[in-house]
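The structure under discussion appears below in the form of structure tokens.
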Amino acid sequence: MNSISPHFKNLMDDKKWRVREALYSSLVELAAHFGNADLFAKHIEPLFFQYLKDKASVIRDLGVSKIPTLIQTFKNDWFFNNCVPKLTETLNKQNGYLYRITALSSLRAAAAHLSNDAVSDKVLPILIKNA
């Protein structure tokens with residue numbers, strides 16, 4: 001994984017959104033294939049969460065749509081320990097409303113794949129605070 005991470009980083013900066021789109025899909029497929037949360041967190045996760053700040057709405061929407069797949073792969077603990085902090089950081093620090101909407105949409109997409117208790121205890125307060 002160490003040998004291909006630099007190539008992924010270069011592709012993430014490509015000006016063509018279709019290249020980034022293909023890369024995001026590949027990243028999620030790699031994550032599902034390996035199924036190792038530590039490997040994902042170390043090498044792929046930092047690249048994946050760049051979708052929150054991508055200038056192309058297609059990429060932001062794709063990132064939102066991939067959150068449920070990642071929850072199914074890495075379970076609820078990964079979502080609450082790794083994903084929620086990045087989403088709340090985006091909600092608190094980003095000036096652009098499109099980026100905040102992307103973070104809120106990610107929480108909404110995740111809520112459909114979490115238990116009702118988890119949604120009401122952890123996700124709903126974030127949504128209410130940022131509504």
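Keep in mind the model is a prediction, meaning the values are calculated, not measured. Side-chain atoms are counted along with the backbone in the values below, which use heavy atoms only and exclude waters and symmetry mates. Sequential numbering from 1 along the given sequence is applied to the chain's residues.
Closest non-hydrogen pair, Ala41 versus Pro46, comes out as O-CD, 3.5 Å. Between Gly63 and Phe48, the closest heavy-atom pair is O-CZ, 3.7 Å. Counting all heavy atoms, side chain and backbone alike, Val64 lies closest to Thr102 at CG2-O, 3.7 Å. Taking every heavy atom of both residues into account, Pro85 and Thr88 meet most closely at O-OG1, 3.0 Å. The heavy-atom pair separating Ala31 from Thr73 by the smallest distance is O-CG2, 3.7 Å. Of all non-hydrogen atoms in Ser115 and Asn76, the two that sit nearest each other are N-ND2, 4.4 Å.
For the atom pair OG (Ser57) and CG (Leu62), the distance works out to 11.0 Å, reported to the nearest 0.5 Å. Separating the CD1 atom in Ile67 from the CZ atom in Arg108 is a distance of 12.0 Å, to the nearest 0.5 Å. Of the inter-residue distances, the one linking Leu52 atom CG with Leu98 atom CG reads 12.5 Å to the nearest 0.5 angstrom. Here the CD1-CG distance, from Ile126 to Leu104, works out to 9.5 Å after rounding to the nearest 0.5 Å. In this structure, CG in Leu11 is found 11.5 Å from NZ in Lys16, a value given to the nearest 0.5 Å. Residue His7 holds its NE2 atom at 12.5 Å from CG of Leu23, rounded to the nearest 0.5 Å.
Judged by the 6.0 Å distance and 45° axis criteria, Lys122 is positioned over the aromatic ring of Phe80. With Tyr99 as the aromatic partner, Lys53 does not meet the cation-pi criteria of under 6.0 angstrom to the ring centre and within 45 degrees of the ring axis.
Screening Met12, Lys9, Arg20 for a side-chain contact (heavy atoms from CB on, under 4.5 Å) with Gln50, the sole residue that qualifies is Met12.
When atom types are taken as modelled, the side chain of Tyr24 and the backbone of Ile59 share no donor-acceptor pair closer than 3.5 angstrom. Arg60 places a side-chain N or O within 3.5 Å of a backbone atom of Asp54 that can act as its donor or acceptor partner.
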Check the pair Asn92, Lys129 against side-chain contact (heavy atoms from CB on, under 4.5 Å), reporting the backbone distance first and the verdict last. CA-CA 10 Å; Asn92 294 331; Lys129 178 184 174 191; 4.0 Å; yes
Begin from the C-alpha positions of Leu27 and Tyr51 and carry the test side-chain contact (heavy atoms from CB on, under 4.5 Å) through to its verdict. CA-CA 12 Å; Leu27 288 175; Tyr51 85 90; over 6 Å; no
Candidate pair Trp17 and Lys55, rule side-chain contact (heavy atoms from CB on, under 4.5 Å), full reasoning: CA-CA 9 Å; Trp17 66 266; Lys55 58 188 171 217; over 6 Å; no
Walk me through whether Lys86 and Glu45 qualify under salt bridge (charged side-chain N to carboxylate O under 4.0 Å, His left out). CA-CA 11 Å; Lys86 288 175 179 59; Glu45 189 177 279; 3.3 Å; yes
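In the hydrophobic clustering of this structure, Leu124 does not group with Leu114; members are Ile, Leu, Val, Met, Phe, Trp, Tyr whose side-chain heavy atoms approach within less than 4.5 Å, directly or through other members. Both Phe49 and Leu70 belong to a common hydrophobic cluster when Ile, Leu, Val, Met, Phe, Trp and Tyr are linked at side-chain heavy-atom distances under 4.5 angstrom. By the criterion of side-chain heavy atoms lying less than 4.5 angstrom apart, applied directly or through intervening Ile, Leu, Val, Met, Phe, Trp or Tyr residues, Leu127 is grouped together with Leu91 in one hydrophobic cluster.
Residues Ile44 and Val28 have side chains not in contact (no heavy-atom distance under 4.5 Å, counting atoms from C-beta outward).
Atom CG of Asn116 is surrounded by 12 or fewer heavy atoms from other residues, nucleotides or ligands within 6.0 Å.
Note: Phe74 and Phe40 meet the aromatic proximity criterion, with ring centroids under 6.0 Å apart.
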